[in-house]
Amino acid sequence: MTRRSKNVSAGRAYTNNEKRNDSKCNGYGTTEYRISKDSIKEFDCCCLTLQPCRNPVITLDGYLYDKEAILEYMIYQKKEIAKKMKEYETQQKREEKEMAELVKAEERSRNLKFMKMESSIVSNRIVSKSSISESTSRASYIANRQRKMMPSFWIPSLTTNAKNTKMKKPENSVLCPMSGKPLKVKNLTPVKFTEVKNCHEQKSLIAKKVRYMCAVTHDILGNSVPVAVLCTSGNVVTMECVTKLIKKDMIDPTNGLKLTDANIIPLQRGGTGYSSTNNKLKVITTTSAMMA
């Protein structure tokens, strides 16, 4: 290589590194960043209020709610469903009435057409000045009617009226705000968290960083620890405890009752408006690219 090829001035004026830095500063191109732990709710917080649950319940899909919050949500949704159903029934009655009027109008037009055909068979029509004037007046009437039907922004009488959008039949069942599946009160299982007992720490339960532990192994629970709820007792245990201890005999160690696979509900961790679960912590935003 020559001495000139190693010189920095031999490169282009706007380097690739400068372009990348300018794009990042000005918000151009695709950016990717990892969400911090402050954007993710704690495992023991309600999916609606995002606050620690006072009376926690869990759904069959593993979403944790405060009982008061989820019952209030279900009552509100039932009222909304009843309101939408009433509007839907009113719309159905209006459509039935319009269809009946259309059927009557078609029947009336068929009768008039039949009467005209009968009158033309009985007597031959003679074209006269009166018939010509009648046809011209009818043509002008049709033309005026079509002109009135045409929309116009400047003339108030010719502006079109917006039609009501056709409603779909609303769902009869209340849907879970997280999973979107039907939600019933009988499918809500009470949850019991085992508190970490520390006599030296005089903080409240909410202020503590370490609040709960596994009901069997006494391992500390957190967002990074997968946990499950045993429906027979409502106790929260780690998934490691489930795979290594409980799955062998399928017996609840806290009360001795038999378990099935349906009685072990994995608790959904994380999940806020920023990220769905702890497994998806990266956010990718795509914007317009900057041309060099």
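- Under the 4.5 Å side-chain heavy-atom criterion for ILVMFWY residues, no single connected hydrophobic cluster contains both Leu259 and Val229.
- For Gln91 (side chain) and Met167 (main-chain N/O), a donor-acceptor pair under 3.5 Å exists by modelled atom type.
- Residues Tyr212 and Thr194 are not in side-chain contact: their nearest non-hydrogen atoms beyond the backbone lie 4.5 Å or more apart.
- When side chains are defined from C-beta on, Cys176 counts as touching Tyr65, because their heavy atoms get closer than 4.5 Å.
- With hydrogens and angles left out, the side-chain atoms of Asp252 and Thr232 include a donor and acceptor closer than 3.5 Å.
- Annotation: side chain of Pro253 is in contact with side chain of Val216 (closest heavy-atom distance under 4.5 Å).
- Cys241 places a side-chain heavy atom less than 4.5 Å from the side chain of Ile246.
- In summary, the side chains of Thr238 and Asp219 do not present any donor paired with an acceptor at a separation below 3.5 Å, with no hydrogens or angles considered.
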side-chain contact (heavy atoms from CB on, under 4.5 Å) between Ile58 and Leu188, worked out: CA-CA 6 Å; Ile58 193 172; Leu188 298 175; over 6 Å; no
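- Between Asn263 and Leu230 there is no side-chain heavy-atom pair separated by less than 4.5 Å.
- The line from SG of Cys47 to CD of Gln268 is 8.5 Å long, rounded to the nearest 0.5 Å.
- Interatomic distance, Ser109 OG to Lys104 NZ, rounded to the nearest 0.5 Å: 14.5 Å.
- Lys78 has its side chain within reach of Val174: a pair of non-hydrogen atoms, C-beta onward, lies under 4.5 Å apart.
- In this structure, Ile251 CD1 and Lys248 NZ are separated by 13.0 Å, a value rounded to the nearest 0.5 Å.
- Tyr73 and Ile81 fall within a single hydrophobic cluster, where Ile, Leu, Val, Met, Phe, Trp and Tyr are joined by side-chain heavy atoms under 4.5 Å apart, directly or via other members.
- Within 6.0 Å of CD on Gln92 lie more than 12 heavy atoms contributed by other residues, nucleotides or ligands.
- Two residues are said to be in side-chain contact when any heavy atoms from C-beta on lie closer than 4.5 Å; Lys192 and Val236 fail this criterion.
- Using a 4.5 Å cut-off between side-chain heavy atoms of Ile, Leu, Val, Met, Phe, Trp and Tyr, with links allowed through other members, Leu257 and Val242 fall into different hydrophobic clusters.
- For the side chain to side chain contact (heavy atoms under 4.5 Å, CB included) criterion with Leu183, the lone passing option out of Thr59, Leu175, Leu60 is Thr59.
- Of the possible donor and acceptor atoms, one in the side chain of Asn223 sits under 3.5 Å from a partner among the backbone N and O of Phe43.
- Taken together through direct or relayed side-chain contacts under 4.5 Å among Ile, Leu, Val, Met, Phe, Trp and Tyr, Val191 and Val227 form part of one hydrophobic cluster.
- Atoms CG and CZ, from Asp44 and Phe193 in turn, are 5.5 Å apart once rounded to the nearest 0.5 Å.
- Side chains of Val57 and Thr189 form no contact here, defined as non-hydrogen atoms less than 4.5 Å apart.
- Closest approach of Pro52 to Arg211, counting heavy atoms only: CG-NH2, 4.4 Å.
- The 12-atom threshold is not exceeded at CD of Glu240, counting heavy atoms of other residues, nucleotides or ligands nearer than 6.0 Å.
- For the atom pair OG1 (Thr217) and NZ (Lys244), the distance works out to 10.0 Å, reported to the nearest 0.5 Å.
- Hydrophobic cluster membership differs between Val225 and Val237, with clusters built from Ile, Leu, Val, Met, Phe, Trp and Tyr side chains linked at under 4.5 angstrom.
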Glu68/Arg54 under salt bridge (charged side-chain N to carboxylate O under 4.0 Å, His left out): CA gap, chis, key distance, verdict: CA-CA 9 Å; Glu68 183 181 355; Arg54 292 179 294 180; 3.1 Å; yes
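- Here the shortest heavy-atom pairing between Ala69 and Cys46 reads CB-SG, 4.3 Å.
- Cys231 and Ala262 get closest at one heavy-atom pair: SG-O, 4.3 Å.
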Met250 and Ile264: CA distance, side-chain angles, deciding distance, side-chain contact (heavy atoms from CB on, under 4.5 Å) verdict: CA-CA 10 Å; Met250 293 302 289; Ile264 303 172; 4.2 Å; yes
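- Checked by atom type, the side-chain pair Ser179/Asp61 shows a donor-acceptor distance below 3.5 Å.
- A distance of 8.0 Å separates CZ in Arg108 from CG in Leu112, rounded to the nearest 0.5 Å.
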